[in-house]
Number of protein chains: 2
Amino acid sequence: MDRLPSSHRPLYEVKANLFKGLAHPLRIRTLEILSQSGSEVSVTELLDELGLEASHLSQHLAVLRKHRLVTADRRGSQVFYRLAYPQVADLLTVARALLLEILRESQAQLASTDSLPGLGSYPADAATGR
Amino acid sequence: MDRLPSSHRPLYEVKANLFKGLAHPLRIRTLEILSQSGSEVSVTELLDELGLEASHLSQHLAVLRKHRLVTADRRGSQVFYRLAYPQVADLLTVARALLLEILRESQAQLASTDSLPGLGSYPADAATGR
DNA sequence: GCCTGATTTGATGACTCCATCAAATGCTAA
DNA sequence: TTAGCATTTGATGGAGTCATCAAATCAGGC
């Protein structure tokens, strides 16, 4: 099982582990909701926004907690989540910037091959055409 | 199978997919080597630095290529890799900043609970009580 | 106490990822 | 064109992740 970040593990392992924690669409959406709210959000609200089964969300929240990306705060019968550090939001922002750049470039390549009549598309994985 | 970033998929799926591409220690090390070199690095050099079997490295390079994080350039019998975008390095930098913050905080909490005699440790998951 | 709503935990099968090995391909030199 | 190095591809078993469901826990009101 995965361990917490700790100084006796090389940083690249810890870093890979961090990305593993982020590698699911529902977890990304959850973090983005928390990020945009700027403050805390209850599990009930998350359930409303994400529209899934409670236990399913809870599993993903557990992963986010394990990776220390969010903190939970129980008040009464409700549990409120928030980003554990502002740097989590930074990471999402930088990731979006990279993706937009990749998309921009891909589309530029499509456009240029379109304008070369008779040549099939080939760049990188445009080859697989998906 | 995973698809390329494309505009007809919601961004949070694409983003999760990006993190999946980063979620392995060898891929992180590879990207860091490319990032630090500032320029291109041959597969042979990567093999020397990483010390693993060629086919194993090649599989991970294929993943990085599929995610458009690196580009490959064949010259003669050698293949040279480089980061596809400077933003890839940015992403690693921001990830490191976040991890260092998490580590810093964890150790601060350890220190403070040590100095509060009689109190059990509770940080992070205090709310869920675990 | 008991009931109800909110949230988490545990168990299960389907699916995906990873490391290893064998085989194939690309290139250069002889 | 044959030999040999560099790199990639394909196949395989084992480990990990995910979605679903049932059951457990926690808090508040009756």
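Reminder, nothing fancy here: chain letters follow the sequence lines and each chain counts from 1. Just the heavy atoms: all of them, side chains too, but no hydrogens, waters or symmetry mates, feed the values below.
Atom NZ in B:Lys20 sits roughly 9 Å away from atom P in C:dT16 (whole-Å rounding). A:Asp73 has its CG atom 15 Å from the C1' atom of D:dA27, to the nearest Å. Rounding to whole angstrom units, CG of residue A:Asn17 and P of D:dT17 are separated by 9 Å. Rounded to a whole Å, the CZ atom of B:Arg65 is 10 Å from the C1' atom of D:dT9. Atom P of nucleotide C:dA6 and atom CG of A:Leu61 are separated by 16 Å, given to the nearest angstrom. Distance A:Glu13 CD to C:dC18 P: 14 Å, rounded to the nearest Å. The separation between B:Leu52 atom CG and D:dT7 atom C1' is 14 Å, rounded to whole Å. With rounding to whole Å, B:Leu50 atom CG is found 16 Å from D:dA6 atom C1'.
Looking at residues two or more places apart in sequence or on another chain, you find no side chain to side chain contact (heavy atoms under 4.5 Å, CB included) involving A:Ala97. Here A:Gln59 pairs with nothing under the side-chain hydrogen bond (donor to acceptor under 3.5 Å, both in side chains) rule; sequence neighbours left out. Every residue meeting the salt bridge (charged side-chain N to carboxylate O under 4.0 Å, His left out) condition with B:Arg82, not counting sequence neighbours, appears here in chain and number order: B:Glu40. The side-chain hydrogen bond (donor to acceptor under 3.5 Å, both in side chains) search around B:Gln87 returns none, not counting sequence neighbours.
Listed by first and then second residue, the salt bridge (charged side-chain N to carboxylate O under 4.0 Å, His left out) pairs involving residues 83-96 of chain A amount to none (not counting sequence neighbours). Identified under the salt bridge (charged side-chain N to carboxylate O under 4.0 Å, His left out) test for residues 50-61 of chain A, with sequence neighbours left out: none. For residues 24-35 of chain B, the set of pairs meeting the salt bridge (charged side-chain N to carboxylate O under 4.0 Å, His left out) definition, not counting sequence neighbours, comprises A:Lys15-B:Glu32.
For D:dT8, one of the phosphate oxygens OP1 or OP2 lies less than 4.0 angstrom from a side-chain nitrogen or oxygen of B:Tyr81.
Within the 4.5 Å cutoff, the side chain of B:Leu61 has no heavy atoms near those of the B:Val79 side chain.
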Contact string for nucleotides 19-30 of chain C, one letter per nucleotide 5' to 3', B = base within protein heavy-atom range under 4.0 Å, S = sugar-phosphate only, - = neither, reads SBBB----SS--

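Scanning residues 39-47 of chain A for heavy-atom distances under 4.0 Å to DNA chain C yields A:Val43, A:Thr44.
Looking at A:Glu45, its side chain does come within 3.5 Å of a backbone N or O of A:Ser42 through a donor-acceptor pair.
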